[in-house]
Amino acid sequence: MSVKINNKFLDGFVNEADVASMTKRAYSAQELLKSKKGPGNDYIGWVELPENYDKDEFARIKIAAEKIKKSCDILVVIGIGGSYLGARAAIEFVKSPLYNNLKKDTPDIYFAGNTISTTALTELLSICEGKDICLNVISKSGTTTEPAIAFRVFKALLNEKYGEQGARERIFVTTDKERGTLKQFSDEAGYETFVVPDDVGGRYSVLTAVGLLPIACAGIDIEAMMKGAYDSMKACELSDSEKNPALSYAIYRNVLLEAGKSTEILVGYEPYLLMLNEWWKQLYGESEGKEHKGIFPASVIFSTDLHSLGQYIQDGKRNLFETVIDVKKSCEDFIIPNDPRNVDGLNFISGEALSHVNSTAMLATLIAHNDGGVPNIVVEVKDKSAYTFGYLVYFFEYACAISGYILGVNPFDQPGVEAYKKNMFALLGKPGYEGMRAELEKRALNK
């Protein structure tokens with residue numbers, strides 16, 4: 001099993017009776033998910049995805065990835081939220097946060113369309129000057145503001161650089177199978193298209209073409225990734241919390257919530273976990289945060305953030321718990337050299353592996369935070385392979401669905417996300433929103 005739960009640092013924070021009670025609720029939530037009768041059941045295609053994914057499209061993804069790798073220096077992936085976070089998390093987890101700076105035979109990969117920042121867009125355009133470029137545009141509808149603006153800009157760039165025929169060979173679109181503005185436009189323009197499944201929401205879509213195409217372009221083994229997800233799926237099917245780590249994780253975090261721990265901090269001890277943390281925050285925040293319920297998802301990278309947030313976690317308000325991702329094997333190790341003058345006073349660790357120092361820092365922090373009143377769930381992860389990434393993604397997705405049903409919410413919708421969009425469209429003068437504009441402008445002036 002590539003993912004295990006270590007509950008040793010929950011001693012004194014959870015009791016057997018609370019765990020037993022929550023376990024019954026978790027089993028009921030699991031049955032609701034399996035029955036396909038729970039809230040949001042039209043968006044649970046991800047549950048059986050590792051077994052029932054479209055094999056023909058999977059083969060096309062690999063062919064397209066090879067074409068992209070041979071034809072460009074830079075792949076620009078345009079998408080926001082679930083349309084980019086999973087792919088970026090995979091690339092940084094399996095390869096490196098410094099992927100674009102590594103020596104490699106795959107293209108640099110940059111992500112656009114996830115902000116409305118003039119600075120970010122102009123800087124990326126500058127990076128692309130003089131380079132051969134391909135685009136992967138990811139949007140269910142094609143009308144989401146941030147990626148739609150980026151696509152306008154980069155489509156015009158490619159048309160100018162290569163002509164419409166040449167651009168056609170360099171633009172790959174992941175969108176709805178049959179409907180929507182982007183699908184219609186892509187078919188008319190002759191772009192190769194891949195599918196955002198109707199029954200898989202964006203934050204659960206990393207193991208579809210949404211994530212797999214850019215991941216494959218980075219030279220990552222997507223077959224191994226899907227095998228990891230499949231094995232995780234089989235573990236998650238078990239109705240035994242001691243053998244099913246996703247059930248165990250869902251149980252513990254909800255026991256802690258009912259004990260007043262309303263903030264969960266996902267902790268990584270490696271920089272390559274940063275974007276996985278960001279993907280996790282969307283997954284849990286968007287799935288659970290509704291009807292004034294849910295655990296607030298936050299994240300840190302230690303030991304870096306121990307020098308900024310460590311004080312608060314140690315001594316601040318006791319409404320939080322930590323979930324620590326403990327990667328057992330990262331890469332080849334680095335041995336700390338000896339300094340004859342011992343200027344820094346660190347010769348006591350000369351000759352030690354740097355990974356040993358990092359794992360010791362983790363243990364020391366776990367003990368310190370426990371002593372400070374912070375419970376810790378430790379998620380032990382085998383390594384940083386593509387297989388393990390697939391396993392970990394499915395583990396978190398399944399636990400999230402169970403947690404949502406335990407809370408009594410629909411973990412597959414996101415009604416609150418639309419509020420800012422409606423206000424923004426009205427203030428920008430989008431047709432159809434005229435009635436809202438005057439009222440919003442008046443309210444803004446009175447703020």
Side-chain angles (χ1 to χ4, degrees), residues 1-11 13-14 16 18-34 46-51 89 93 204 206-207 224-257 261 264-269 273 276-277 279-280 283-284 287-288 295 297 299 321-329 362 366 375-407 411:
M1 192 176 293
S2 283
V3 174
K4 297 179 181 179
I5 299 297
N6 176 349
N7 64 2
K8 294 178 181 178
F9 295 93
L10 292 174
D11 289 349
F13 297 101
V14 301
E16 290 184 6
D18 289 339
V19 171
S21 175
M22 189 61 69
T23 299
K24 292 179 181 179
R25 292 168 63 183
Y27 289 163
S28 296
Q30 185 183 40
E31 285 304 312
L32 194 58
L33 184 63
K34 286 182 176 181
W46 60 272
V47 175
E48 298 173 351
L49 182 70
E51 184 172 24
F93 182 92
Y204 291 85
V206 60
L207 298 175
M225 188 171 290
M226 294 304 291
K227 178 62 167 64
Y230 175 83
D231 289 348
S232 186
M233 179 186 74
K234 289 302 179 182
C236 288
E237 289 174 353
L238 300 174
S239 298
D240 183 345
S241 61
E242 293 185 3
K243 297 179 181 179
N244 183 337
L247 277 182
S248 183
Y249 174 51
I251 290 164
Y252 285 132
R253 63 193 304 274
N254 279 282
V255 168
L256 291 168
L257 173 62
K261 307 296 185 180
E264 179 177 10
I265 303 175
L266 191 66
V267 180
Y269 278 79
L273 291 169
L276 180 70
N277 287 0
W279 169 81
W280 173 88
L283 177 66
Y284 280 80
S287 296
E288 292 188 327
I295 300 171
S299 67
F321 69 96
E322 294 172 289
T323 296
V324 179
I325 301 180
D326 178 13
V327 182
K328 292 300 184 182
K329 183 178 180 181
M362 181 180 71
L366 284 165
N376 274 255
I377 304 169
V378 180
V379 179
E380 296 181 349
V381 178
K382 183 179 180 181
D383 54 30
K384 62 188 294 290
S385 65
Y387 173 93
T388 295
F389 182 84
Y391 199 110
L392 187 59
V393 160
Y394 193 90
F395 157 84
F396 275 131
E397 289 178 345
Y398 198 90
C400 185
I402 298 300
S403 286
Y405 281 164
I406 288 173
L407 281 172

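All residue numbers in this chain count up from 1 along the given sequence.
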Less than 4.5 Å apart, any side-chain heavy atom of [X] and any of [Y]?
X    : Y    : answer
M22  : I406 : yes
Y204 : L283 : yes
L392 : S2   : no
L10  : L256 : yes
F321 : F13  : no
N244 : Q30  : yes
E380 : P245 : no
V324 : I377 : no

Task: Test item: Y405 side-chain N/O and P411 main-chain N/O as donor-acceptor pair under 3.5 Å - done: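 Answer holds: no.
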Smallest separation among heavy atoms of [X] and [Y], with atom names:
X    : Y    : answer
G268 : N277 : N-ND2, 4.3 Å
A26  : I402 : O-CG2, 4.1 Å
A229 : L207 : CB-CD1, 3.5 Å
Y27  : S241 : OH-N, 3.1 Å
W279 : V393 : CH2-O, 3.7 Å
G404 : E288 : N-OE2, 4.1 Å

Task: K4 atom NZ: more than 12 heavy-atom contacts under 6.0 Å - done: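 Atom NZ in K4 is not crowded, with 12 or fewer foreign heavy atoms closer than 6.0 Å.
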So, taking the atom named [atom1] in [X] and the one named [atom2] in [Y], what distance separates them when rounded to the nearest 0.5 Å?
X    : Y    : atom1 : atom2 : answer
L266 : F396 : CG    : CZ    : 5.0 Å
M226 : S232 : CE    : OG    : 11.5 Å
I295 : K261 : CD1   : NZ    : 12.0 Å
L49  : E397 : CG    : CD    : 8.5 Å
L247 : E237 : CG    : CD    : 11.5 Å
L257 : S403 : CG    : OG    : 9.0 Å

TODO: Taking the six-membered ring for Trp and the full ring for Phe, Tyr or His, determine whether the centres of Y249 and F395 are under 6.0 Å apart.
DONE: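 Between F395 and Y249, which both carry aromatic rings, the centre distance is below 6.0 Å.
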- [ ] Verify side chain to side chain contact (heavy atoms under 4.5 Å, CB included) between N376 and V267, making sure each step is shown before the conclusion.
- [x] CA-CA 10 Å; N376 274 255; V267 180; 5.5 Å; no
Open item on the list: Check the orientation of F93 and F389. Use parallel for under 30°, tilted for 30 to 60°, and perpendicular for over 60°.
Closed with: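 Plane angle between 30° and 60°, so tilted.
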Open item on the list: Run L33 and V47 through side chain to side chain contact (heavy atoms under 4.5 Å, CB included) and show every step you take.
Closed with: CA-CA 9 Å; L33 184 63; V47 175; 4.1 Å; yes
Task: T23: which of D240, I251, V255, D18 passes side chain to side chain contact (heavy atoms under 4.5 Å, CB included) - done: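 Of the listed residues D240, I251, V255, D18, the side chain to side chain contact (heavy atoms under 4.5 Å, CB included) partner of T23 is I251.
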Open item on the list: Checking side-chain hydrogen bond (donor to acceptor under 3.5 Å, both in side chains) between D231 and each of Y387, Y391, Y394, which is the one that passes?
Closed with: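 It is Y387; the other options fail the test.
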Task: Check: T323/Y252 side-chain N/O donor and acceptor closer than 3.5 Å - done: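 Their side chains do not contain a donor-acceptor pair, so the 3.5 Å distance test is not met.
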